[in-house]
Amino acid sequence: MADVMTRLEPDTRAAARGLSDLSIRNLFIIPTIAFLIIFNVFPLIYSLYTAFTDYRASTSAPANWIGLGNFRELLNDPNIWRNFTITAKYVVISVTGQVFVGFGLAMLLNRPIPLKGLITTLLLLPMMLSPAVVGLFWKLLYDPSFGIINFFLGLGKFEWLADPQMALWAVAIVDIWMWSPFVMLLSLAGLSAVPKHLYEAAEIDRAGPFYTFFRITLPLVAPILMIAIIFRTMEAFKTFDHAYILSTQPTTELIAIRLYKMAFLEWQTGMSSAFAYIVLIVVVAITNIYVKYLNKAKAR
Amino acid sequence: MAEVKTKGEVIFNRAAIVAVLIALVIMLTPIFWIGATAFKPRNLATTAPPTVFFEPTLSPFAKLFTKRSQLREPVDEATYAAAPWWEQLIYDGGESVVRNKKTGEATSSGYGNRYMNSLIVSIISTFLAVSMGTITAYGFSRFRVPGEQDWLFFILSTRMLPPIVVAIPMFLMYRAVGLYDTHVGLIILYTAFNLSFAVWIMKGFIDEIPREYEEAALVDGYTRLQAFRKIVLPEALTGIAATAVFCFITAWNEYAFALMMTSRNAQTAPPYIPSQVGSGLSDWTVIASGAFLFLLPVAIFTFLLRNHLLRGMSFGAIRK
């Protein structure tokens, strides 16, 4: 009887009481899979079709099959490459910022500190709140005349969002503020898992703080830090909410924003479907890497 | 970390605590500023230098829920005295409530409706995602599923899709079947989005429940479904609650789908609140009060969730 529960083949209990395990398994799993296929996969198949047409959702004109026309036009469009460059720059700035701030905070917090639990929870607040609503509020914080950022930094009338060069940084800073807590949260878990005896041994060997950090702390936290970095890279690549609300500058037109404008403001449905597929391929590739690392972390 | 011993380490530790407190102040200032602005009189919201100390007022909230128009001249004293407290607050700001010509009732702004929409959509989609997610997680946790890893990857990958990529075909389909700008339409999208998360997290929680419990129940004559209902579900309750709160927060905060799939009828608060920032002089106190009421539930939930945040944010991969 002992092996009854241990991942038996579902059909071996078919003769037992009530519903067979096989039917329970199917009853429990198939609706979810079906739901996801209907509402995620099917739409994507549909848009794969529109990607090869010149369809515009704003007109009643029927869709014409134009083959690879959309893809050819997109990949030859320097503006699209500019959107990719902007996004890449944005991803690098915000993920790097998040790693430094988040990991730094985790290092600071990884010691006996009064009210540590409360402080940690408070530090995590920014990532839990709505990016659209909080992002909107940064408009007021960044305001050149009465924003508190210029006031506290003593920057006078510094233009954060109106300056085309600065705007991308301003958007990235909001992302860093919002998501450093995420890197901090994961790093803290990594740091607390480093065995204490390693530090004790290092101390006996009179290892300096740099040696301890680079030879003990960093290598042992690296796997979890890696998860944080990949996840944030993927999310930053998809950034839409606060970037769209904060800035209308062409210099902050991230891929998601361009895609949104193309699909819902310019109504180039066919073209935007093709663009969406290019984006999708990138996201699926990063997801693949991400899941690989997640499973590795799970196995530990 | 090793215990603090030498004098140098004591000093270093103190410095670290000071640094943490400074970081805390910096991180919380934007949130504090939303809260402060929500209780400011309008003329103090945008001042240079910024106003930190002020007498709090509820007038932003009175304005938030009503449609108003600018008063050309102050109202007479009798009208003012007869008005309820919240209307007096609006008069104080030099505005008057727009009233329905026939009934004389105050017209409400869109905020209340949008807030209700957010509640309806978030609660129903959370319920659906968590209930479906829990049973599916049980299925994956306890039974042998052919191609299990591939299915789990498929489920997670639906979560990673950028909303805009899904929204383009969904918009066309919704428009064709009349689901555009409906609660049902948004609930379906949010359920799909949260379902994959719920499966992954709940699988972790259910994996942790010893199989021996169900085994014993089966020996005692329970059917598999009874064992699931009476043994597994109660054991998984904390996990279910944590998952539900996570799903609720995700749906509550969601902006992109709501922006693209709704316009008036089913619009939730996240696209509505930014739309209040006009091109002209915006009343930031009203925007802040709207944001404040909207963010408050999530802030409270964050404290309830604090021990599960790590697990939730890493899709159940990292737990303590």
Side-chain angles (χ1 to χ4, degrees), chain A residues 4-5 7 9-10 17-18 21 24-25 28-29 32 36 39-40 43 46-47 57 105 108-111 113 119 121-126 128-130 132-133 136-137 140-141 145-146 148 151 182 185 189 199 238 240-241 245 256 259-260 263-264 272-273 276 279-280 283 287 291 294 297-298, chain B residues 1-2 13 16-17 19-20 23-24 27-28 30-31 33-34 46-50 132 135-136 138-139 143-144 153 156-158 160 162 164-166 168-170 172 188 192 195 211 214-215 223-225 249 253 255-256 260 270 273-274 284 291 294-295 298 302-303 306 309-310 313 317-318:
Chain A
V4 164
M5 297 295 297
R7 300 185 73 84
E9 287 295 341
R17 298 169 296 269
D21 279 356
I24 289 176
R25 183 198 76 184
F28 277 14
I29 291 178
T32 292
L36 291 174
F39 293 106
N40 277 316
Y46 183 51
S47 72
L105 281 172
L108 286 175
L109 276 172
N110 189 37
R111 65 188 69 246
I113 281 181
I119 291 174
T121 310
L122 284 173
L123 281 172
L124 293 173
L125 262 182
M128 302 305 286
L129 302 176
S130 160
V133 174
L136 167 76
F137 227 79
L140 179 63
L141 306 184
S145 323
F146 37 73
I148 53 171
F151 177 73
F182 173 80
L185 180 67
Y199 290 117
K238 297 189 288 188
F240 177 75
D241 301 14
I245 288 168
L259 191 48
Y260 169 72
F264 289 95
S272 60
S273 301
V279 174
L280 193 63
V283 170
T287 307
V291 172
L294 268 191
K298 237 181 198 169
Chain B
M1 274 254 158
N13 208 38
I17 292 174
V20 165
L24 188 65
M27 293 298 277
L28 291 186
I31 298 170
W33 205 247
I34 297 177
T46 47
T47 55
M132 283 174 81
I135 59 169
T136 306
Y138 179 78
F143 302 115
R144 189 162 295 157
F153 173 75
L156 185 66
S157 67
T158 61
M160 302 301 170
I164 305 187
V165 170
V166 185
I168 297 169
M170 281 309 263
L172 300 175
I188 289 174
L195 184 51
R211 285 149 205 270
E214 288 156 87
E215 209 171 293
T223 64
R224 172 76 81 169
L225 277 180
I249 292 177
N253 287 347
Y255 170 74
M260 292 175 265
I273 295 172
W284 277 100
F294 182 75
L295 300 177
V298 177
T302 304
F303 276 87
R306 62 189 179 279
L309 283 175
L310 177 66
M313 296 313 272
I318 308 163

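Quick note on labels: first sequence line is chain A, next is B, and so on, each numbered from 1.
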Would you give the length of the straight line joining atom [atom1] of [X] to atom [atom2] of [Y], rounded to the nearest 0.5 angstrom?
X: B:Met260; Y: A:Phe240; atom1: CE; atom2: CZ; value: 5.5 Å
X: A:Tyr46; Y: B:Ile168; atom1: OH; atom2: CD1; value: 12.0 Å
X: B:Leu24; Y: A:Leu108; atom1: CG; atom2: CG; value: 12.0 Å
X: B:Leu195; Y: A:Phe39; atom1: CG; atom2: CZ; value: 11.5 Å

Would you mind checking which part of [X] comes under 4.5 Å of any heavy atom in chain B, side chain (CB onward), backbone (N, CA, C, O), both or neither?
X: A:Thr32; value: both
X: A:Phe182; value: side chain
X: A:Ile148; value: both
X: A:Tyr260; value: both
X: A:Leu122; value: both

Region of B:Ile249 that comes under 4.5 Å of a non-hydrogen atom in chain A: side chain
Proximal component of B:Thr47, with respect to chain A [non-hydrogen, under 4.5 Å]: backbone
Heavy-atom closest pair, residues [X] and [Y]:
X: A:Thr287; Y: B:Phe153; value: CG2-CE1, 4.0 Å
X: A:Phe146; Y: B:Ala48; value: CB-N, 4.2 Å
X: B:Leu310; Y: A:Ala189; value: CD2-CB, 3.5 Å
X: B:Leu309; Y: A:Met128; value: CD2-CE, 3.6 Å
X: B:Met160; Y: A:Lys238; value: O-NZ, 2.7 Å
X: A:Val133; Y: B:Ala291; value: CG1-CB, 3.4 Å

Backbone N/O of A:Ile29 and side chain of B:Thr136: donor-acceptor pair under 3.5 Å: no
Pairing residues for B:Phe294 by the ring-ring contact (aromatic ring centres under 6.0 Å, His included) criterion, not counting sequence neighbours: B:Trp252
Only pairs of heavy atoms separated by less than 4.5 Å count here; which of [options] has the most with chain B?
options: A:Leu124, A:Leu36, A:Ile24, A:Ile113; answer: A:Leu36
options: A:Leu125, A:Leu141, A:Leu105, A:Leu129; answer: A:Leu129
options: A:Leu280, A:Leu259, A:Leu294, A:Leu140; answer: A:Leu140
options: A:Val279, A:Asn40, A:Leu109, A:Val291; answer: A:Asn40

Options B:Ile273, B:Leu156, B:Thr158, ranked by heavy-atom pairs under 4.5 Å with chain A, top entry: B:Thr158
Partner chain A: residue of B:Pro30, B:Gly139, B:Pro49 with the largest heavy-atom pair count (under 4.5 Å): B:Pro30
